[in-house]
Amino acid sequence: MINRVRGTQDILPARFTDKTDAQIECWNLVEQTARDAFRLCGFEEIRTPIIERTELFERGIGTETDVNKEMYTFEDRDGERVSLRPEQTASVVRACIEHGMFNQPGLAKLFYIGPQFRRERPQKGRYRQFGQIGVEVLGQSDDPAIEAEVIEMLDWYLKQLRITGTELLVNSIGDENCRPAYIERLKEAIRQRLPQLCGSCNQRYETNPLRVLDCKIESCQPYLNELPVITDSLCEPCRAHFQSFTAMLDQRGIAYTLAPRLVRGLDYYTRTAFEIIGSQLGAQNTIVGGGRYDGLSQMLGGPPAKGFGFAFGIERMIMSLPDDAARSLKQVPDVFVAYIGERARKHSFELARRLREAGISAVVDLEGRKLKKSLAVANSLAARYALIIGDSEIDSSSYVLRDMTTGEQRNLSESDLIATLRN
RNA sequence: GCGAGCAUAGCUCAGUUGGUUAGAGCGCCUGACUGUGGAUCAGGAGGUCGCGGGUUCAAGCCCCGCUGCUCGCCCCA
């Protein structure tokens, strides 16, 4: 017995599993709804390789972080270091640079859907291979209208999925002009409180002071509230940008909460950062994270370009879905064709082909079962109708169509049959 | 990287202070019903009790090691 590798999942038809984030119906719902919602706003799909040069991710993330330890990295036969993508923003920006997409007029408004890989300890809603959907807007403009539009689109998407009870948190984390000075002020303030703060806060004081701000430890909370917030330290352009952004959310009637302690860990993030949190999952309650990353293109060796985007994990989105979300999506055949005898069997295959040509999904018994067994299979597949064909049906060119819900049966000619099955 | 829990049929689980042939429900197969599913009834298949070692007259049960899974912590691009 060879099992799947740790932290990966098989996505099965719902009738084979109760685990919603392993049901193909849920995945299709989340993915298809995204494609539809994003297309309405003029976004175009992009697919990038799941394998990239390790350097691509190291540039943006830095080599010494333990993010690196969580990458699947290996040496290719020719000695090149490659990694399974741990995120996709860098890949999308790389593709834009590589194909000169910034040279087209207007913005590149892109979305992607696909697997990503992080070698973490698996736990609830967290896998080593996980699905992610993301949106990126790249180009020369950093107009806050881009941010408001993207968030409105995301809001619409969540509404389409009937996910409610979410909260939008927004913040500005400044840029290279105002953030360094703020970080110094923050470190100074943290230094005063180091003895009172928890162990990981003490560690983050050294490695990533901004992250102290979103420590979840209860005993740290009173001290965190005393720390200076970045919103008070923004330079004038950043302050104006953020004000304009929130004003646009107001105009669009999108509710939000100012979250001055919402931060991002990496250097290329600038200005607007946001998250959408849900009530479903306790401490791990972030459903969507996003923000502006104006520094990334240049960091990857491309032209100066502004960027804004978000991403979310598909498994976690599925867990936020209402319970009945995927029920209507179960794929059931329109008709199951059952036959009696060898002559009818041949006839069934031909008839099934004509039904399929008419756009009707038809499943024929391939096992030579008795009528009774065929109907039992039709029942377990939840087929809407069963078609019963025997010698007398062939001779009279009139087939028995059985409604599997009511048990009602009608005799129909082939053309009436097709008309009925098409609804 | 750290911690906790779990591992018995396809699935969900029971299995007494260690006792002889390891059970149930659901599902699956066959039949009652030679051309009618779901309901009922009768029968059947399916298990190296995760793996390896130890204790014992005797281990699914106790002990040790390993592996796997799950859930936390850390981290979260």
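Chain letters run A, B, ... following the sequence lines, proteins first and then strands; every chain starts at 1.
- Nucleic acid contact for A:Ser91: none, since no nucleic acid atom lies under 4.0 Å from a heavy atom of the residue.
- Using bins of under 30°, 30° to 60° and over 60° for the plane-to-plane angle, the ring pair A:Phe274/A:Phe310 lands in the perpendicular bin.
- Here the separation of B:A9 from B:C61, taken at their P atoms, is 15 Å to the nearest Å.
- With hydrogens and angles left out, the side chain of A:Asn379 and the base of B:G38 share no donor-acceptor pair within 3.5 Å.
- If you take atom C1' in B:U34 and the same atom in B:G38, they sit 22 Å apart, rounded to whole Å.
- The distance between atom CG of A:Asp365 and atom C1' of B:G37, rounded to the nearest whole Å, is 13 Å.
- B:U21 is unpaired under the Watson-Crick or G-U wobble criterion, no partner having all donor-acceptor distances under 3.5 Å.
- The CD atom of A:Glu367 sits 13 Å away from the P atom of B:C28 (whole-angstrom rounding).
- Side-chain N/O atoms of A:Lys373 include one lying less than 4.0 angstrom from OP1 or OP2 on B:U30.
- Not a single donor-acceptor contact under 3.5 angstrom links the side-chain atoms of A:Gln116 to the base of B:A77.
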Legend entry - Chi angles and distances behind the salt bridge (charged side-chain N to carboxylate O under 4.0 Å, His left out) call for A:Glu87, A:Arg85: CA-CA 5 Å; A:Glu87 55 124 357; A:Arg85 65 183 179 209; over 6 Å; no
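- Residue-level contact check: A:Gln409 touches the bases, meaning some heavy atom is under 4.0 Å from a base atom.
- Between A:Arg81 and A:Glu58 there is a salt bridge, since a side-chain N of the basic residue sits under 4.0 Å from a carboxylate O of the acidic one.
- Remark: the A:Asp21 side chain and the A:Tyr127 side chain contain an N/O donor-acceptor pair separated by less than 3.5 Å.
- A salt bridge does not link A:Glu184 with A:Lys187: every distance from a Lys NZ or Arg NE/NH1/NH2 to an Asp or Glu carboxylate oxygen is 4.0 Å or more.
- Looking at A:Tyr385 and A:Arg402, their side chains never come closer than 4.5 Å, going by heavy atoms from C-beta outward.
- Checking the phosphate oxygens (OP1, OP2) of B:G37, a side-chain nitrogen or oxygen of A:Lys372 falls inside 4.0 Å.
- Remark: A:Arg211 is in phosphate contact with B:A77, judged by side-chain N or O atoms under 4.0 Å from OP1 or OP2.
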Inset, instruction - Could you please spell out the steps behind the salt bridge (charged side-chain N to carboxylate O under 4.0 Å, His left out) verdict for A:Arg193 and A:Glu226? - result: CA-CA 10 Å; A:Arg193 286 301 187 185; A:Glu226 299 169 354; 3.1 Å; yes
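- A 3.5 Å limit on both hydrogen-bonding distances identifies no Watson-Crick or G-U partner for B:C75.
- At a cut-off of 3.5 angstrom, the base of B:G37 holds no donor-acceptor pair with the side chain of A:Ser380.
- A:Gln88 comes within 4.0 angstrom of no nucleic acid atom, judged by non-hydrogen atoms across all strands.
- Using cut-offs of 30° and 60° on the angle between ring planes, the pair A:Phe117 and A:Tyr72 is perpendicular.
- If you take CZ of A:Arg15 and P of B:G10, they are 18 Å apart, rounded to a whole angstrom.
- In the interface, the side chain of A:Glu70 is not paired with the base of B:G1 through any donor and acceptor atom under 3.5 Å apart.
- In this structure, CZ of A:Arg121 is placed 11 Å from C1' of B:A4, rounded to the nearest angstrom.
- Across all strands shown, B:G44 pairs with B:C28; the Watson-Crick or G-U wobble distances both stay below 3.5 Å.
- Within 4.0 Å (heavy atoms only), A:Phe16 reaches no atom of the nucleic acid at all.
- B:A14 and B:U8: their P atoms are spaced 10 Å apart (whole Å).
- Within the 4.0 Å cut-off from OP1 or OP2 of B:C71, not a single side-chain nitrogen or oxygen of A:Gln123 is found.
- Between B:G27 and B:G46, the two C1' atoms lie 12 Å apart (nearest whole Å).
- Under the Watson-Crick and G-U wobble criteria, each requiring two contacts below 3.5 Å, nucleotide B:U16 is left unpaired.
- To the nearest whole angstrom, the two C1' atoms, one in B:G23 and one in B:G1, are 43 Å apart.
- Pairing for B:C66 goes to B:G50, judged as Watson-Crick or G-U wobble with the two contacts each under 3.5 Å.
- Looking only at atom types and distance, the side chain of A:Tyr339 has a donor-acceptor partner in the side chain of A:Arg345 under 3.5 Å away.
- For the 3.5 Å distance criterion, the side chains of A:Thr89 and A:Glu136 qualify, holding a donor opposite an acceptor.
- In this entry the distance linking CG of A:Asn285 with P of B:C76 reads 16 Å, nearest Å.
- For RNA chain B, the neighbouring residues in residues 194-206 of chain A, judged by any heavy atom under 4.0 Å, are A:Ser200, A:Arg204.
- If A:Lys370 and A:Asp18 are placed on RNA chain B by their nearest nucleotide, the residue sitting closer to the 5' end is A:Asp18.
- Going from the C1' atom of B:C66 to that of B:C26 covers 34 Å, rounded to whole Å.
- Among the atoms of the strands shown, base atoms are found under 4.0 Å from some heavy atom of A:Gly407.
- Within the 4.0 Å cut-off from OP1 or OP2 of B:C69, at least one side-chain nitrogen or oxygen of A:Arg6 is found.
- Nucleic acid contact class of A:Ala378 (heavy atoms, under 4.0 Å, all strands): none.
- Counting atom types as modelled, A:Arg4 pairs no side-chain N or O with a base atom of B:C69 as donor and acceptor under 3.5 Å.
- Nucleotide B:A77 holds its P atom 11 Å from the CD atom of A:Gln132, rounded to whole Å.
- Atoms OH (A:Tyr385) and P (B:U36) sit 22 Å apart, rounded to a whole Å.
- Rounded to whole Å, atom P of B:C33 lies 18 Å from atom CD1 of A:Ile340.
- The same atom, C1', is picked in B:G60 and in B:A22; the two are 8 Å apart, to the nearest Å.
- Checked against B:A77, B:U36, B:C75, the side chain of A:Arg118 finds its nearest nucleotide in B:A77.
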Tabulate below the donor-acceptor pairs under 3.5 Å that side-chain atoms of residues 256-264 of chain A make, not counting sequence neighbours, or state none.
| from | atom 1 | to | atom 2 | distance (Å) |
| --- | --- | --- | --- | --- |
| A:Tyr256 | OH | A:Asp250 | OD1 | 3.2 |
| A:Tyr256 | OH | A:Asp250 | OD2 | 3.4 |
| A:Thr257 | OG1 | A:Glu167 | OE2 | 2.8 |
| A:Arg261 | NE | A:Leu213 | O | 3.2 |
| A:Arg261 | NH1 | A:Asn225 | OD1 | 2.7 |
| A:Arg261 | NH2 | A:Gln221 | OE1 | 3.1 |
| A:Arg264 | NH1 | A:Gly290 | O | 2.7 |
| A:Arg264 | NH2 | A:Glu275 | OE2 | 2.8 |

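- B:U16 and B:C6: their P atoms are spaced 15 Å apart (whole Å).
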